[in-house]
Amino acid sequence: MPELPEVETTRRGLLPHMEGIRIVRAVVRHRQMRQPVPPVLPDCLVGLTIRTVLRRAKYLLIDCTTGTLIIHLGMSGRLWLVNGGTAPEKHDHFDLHLANDKIIRLRDPRRFGLVLWVTDNPFLHPLLNRLGPEPLSDDFNAPYLFRQTRSRSSAIKIVIMDSHLVVGVGNIYASEALFHAGISPRKSARRLSLARCAELVQSISQVLQQAIQAGGSSIRDYVNSDGMAGNFQSQFFVYGRAGEPCKKCQTPIKHLVQGQRATYYCPICQR
DNA sequence: CGCCAGGCCTGCACGC
DNA sequence: TGCGTGCAGGCCTGGC
């Protein structure tokens, strides 16, 4: 499911239903995730008040009075709001019951997701403390990308998906951003000029912001916090469009595999 | 049946 | 030697 726009859409949708609300009950139905759900959960959550919900990379940080619940949605996770009393289904592994009679429910068939509880600064957690800058922040800029790519001989598509360089650029938006920047996904990262780094930074930022505005992309099962699908998939220029005409030049879109992931690009518009 | 899927960590091999 | 980099594998289920 989720890349940064989908996680951010989820966060924004959930926030008004969670901010300042007390947790009255929490349920763990399946502990085997990317890491085991820690034994202190769910009991440590009962009675806590949610201060706010933050996002770092694709991690959701539910900031509570005595600690932070960290949730990652992996490949197939979704977190959404259901009314109290709604029965859980097969892959509904985790519930937060709130004092407003809402349930925040995590469903994740593949269980590549994550539920953690930390009582100190969540940004210092080993999974978070070595992450690169947020792609929508000023810290992700052309000089930074230029500097960081000088020693990287691998393909630029692989490099922008490295969360230690920049977070939140997943497989869909990597292809889309490279298309809009006119850069071949196969181009060696170290061979990008500063000017092209600037174009790429701009494209990444723009495509992510547009996807957030459209409520994320739904290509299999993503839904937002209200259970509604996103719309951005209709604005894809290359992702999933192998063989279809390029929306700019009509040349058939090509498909290749990089780092065991599918890449889509236009062989004419991207060099 | 085999293959594919929106993520991301780990461990190994390699070269400077 | 030690570090960064590059790459394969693994975690799971479901749909085609």
Side-chain angles (χ1 to χ4, degrees), chain A residues 1-10 29-37 55-60 70-80 89-94 106-116 125-132 135 147-178 185-191 204 207-208 211-212 214-224 229-236 238-242 255-264:
Chain A
M1 154 200 166
E3 296 194 30
L4 185 146
E6 292 73 38
V7 177
E8 179 62 18
T9 299
T10 298
R29 296 188 196 81
H30 203 133
R31 291 188 181 270
Q32 192 56 53
M33 306 281 285
R34 198 171 100 205
Q35 294 181 7
V37 176
R55 179 188 58 74
R56 172 71 173 113
K58 296 171 190 167
Y59 294 91
L60 287 166
I70 301 179
I71 295 180
H72 193 285
L73 300 175
M75 286 279 259
S76 59
R78 68 191 230 188
L79 191 67
W80 83 118
E89 295 184 25
K90 187 176 178 186
H91 300 293
D92 295 344
H93 307 313
F94 181 75
L106 174 69
R107 175 176 298 179
D108 184 6
R110 293 177 72 179
R111 283 183 277 122
F112 288 180
L114 198 64
V115 180
L116 293 176
H125 188 278
L127 289 175
L128 304 188
N129 67 7
R130 275 180 278 112
L131 293 173
R147 207 178 333 120
Q148 292 292 318
T149 48
R150 290 313 85 189
S151 64
R152 305 289 294 266
S153 61
S154 39
I156 185 61
K157 196 242 187 182
I158 303 282
V159 170
I160 59 174
M161 290 180 67
D162 179 352
S163 64
H164 301 294
L165 191 142
V166 59
V167 301
V169 183
N171 201 40
I172 293 177
Y173 299 109
S175 282
E176 291 297 312
L178 286 165
R186 290 203 260 217
K187 188 169 180 69
S188 171
R190 63 171 9 140
R191 297 188 57 232
I204 288 171
V207 79
L208 293 175
I212 292 169
S217 304
S218 297
I219 60 178
R220 261 164 289 276
D221 52 12
Y222 169 72
V223 294
N224 68 16
N231 287 315
F232 193 72
Q233 63 280 7
S234 64
Q235 298 178 50
F236 290 168
V238 288
Y239 187 84
R241 298 191 64 244
H255 163 270
L256 73 126
V257 175
Q258 295 178 290
Q260 302 153 296
R261 315 290 302 271
T263 300
Y264 300 88

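Order of the sequence lines sets the chain letters (A, B, ...), proteins ahead of strands, with each chain counted from 1. Below, each value reflects all heavy atoms present in this structure, side chains not excepted, and no hydrogens, waters or symmetry copies.
For the P atoms, the distance linking B:dC4 with C:dA8 amounts to 15 Å, nearest Å.
Taking atom CZ of residue A:Arg78 and atom C1' of nucleotide C:dT13, one finds them 15 Å apart after rounding to whole Å.
Residue whose closest nucleotide on DNA chain B sits further toward the 5' end, between A:Gly168 and A:Gln260: A:Gln260. Nearest-nucleotide mapping onto DNA chain C: of A:Met33 and A:Arg152, the residue sitting toward the 5' end is A:Arg152. Between A:Arg111 and A:Ser154, the one whose closest nucleotide on DNA chain C sits nearer the 5' end is A:Ser154.
Of the candidates B:dA5, C:dT5, B:dC9, the closest approach to any side-chain atom of A:Arg34 belongs to B:dC9. Nearest nucleotide to the A:Ser153 side chain, out of C:dG14, C:dG6, C:dC12: C:dG6. The side chain of A:His72 lies closest to B:dG7 when the candidates are B:dA5, B:dG7, C:dT5.
Taking 4.0 angstrom as the limit, A:Lys90 places none of its side-chain polar atoms (N or O) nearer than this to OP1 or OP2 of C:dT13. Residue A:His91 places at least one side-chain N or O closer than 4.0 Å to OP1 or OP2 of C:dG14.
Base pairing of B:dC3 is made with C:dG15, judged by Watson-Crick or G-U wobble geometry with both donor-acceptor distances under 3.5 Å.
Residue A:Tyr173 is classed as having no contact, given no heavy-atom separation below 4.0 Å to the nucleic acid. Base engagement by A:Arg261 is indicated by at least one non-hydrogen atom pair under 4.0 Å involving a base atom. Counting any heavy atom pair closer than 4.0 Å across all strands shown, A:Leu127 reaches sugar-phosphate atoms only and no base atom. Nucleic acid contact for A:Tyr59: sugar-phosphate only, since backbone atoms but no base atoms lie under 4.0 Å from a heavy atom of the residue.
Inspection of the A:Asp108 and A:Ser76 side chains reveals an N or O donor paired with an N or O acceptor under 3.5 Å. A:Ser217 and A:Tyr239 form no side-chain donor-acceptor contact under 3.5 Å, judged by distance and modelled atom types alone.
Looking at A:Glu89 and A:Arg107, a side-chain N of the basic residue comes within less than 4.0 Å of a carboxylate O on the acidic one, giving a salt bridge.
One N or O on the side chain of A:Glu3 and one on the backbone of A:Ile172 form a donor-acceptor pair closer than 3.5 Å.
In this structure, A:Phe112 does not pack face-to-face on the six-membered ring of B:dC8, missing the 5.5 Å centre cutoff or the 30° plane limit.
The CD1 atom of A:Ile70 lies 5.0 Å from the CG atom of A:Leu128; values are rounded to the nearest 0.5 Å.
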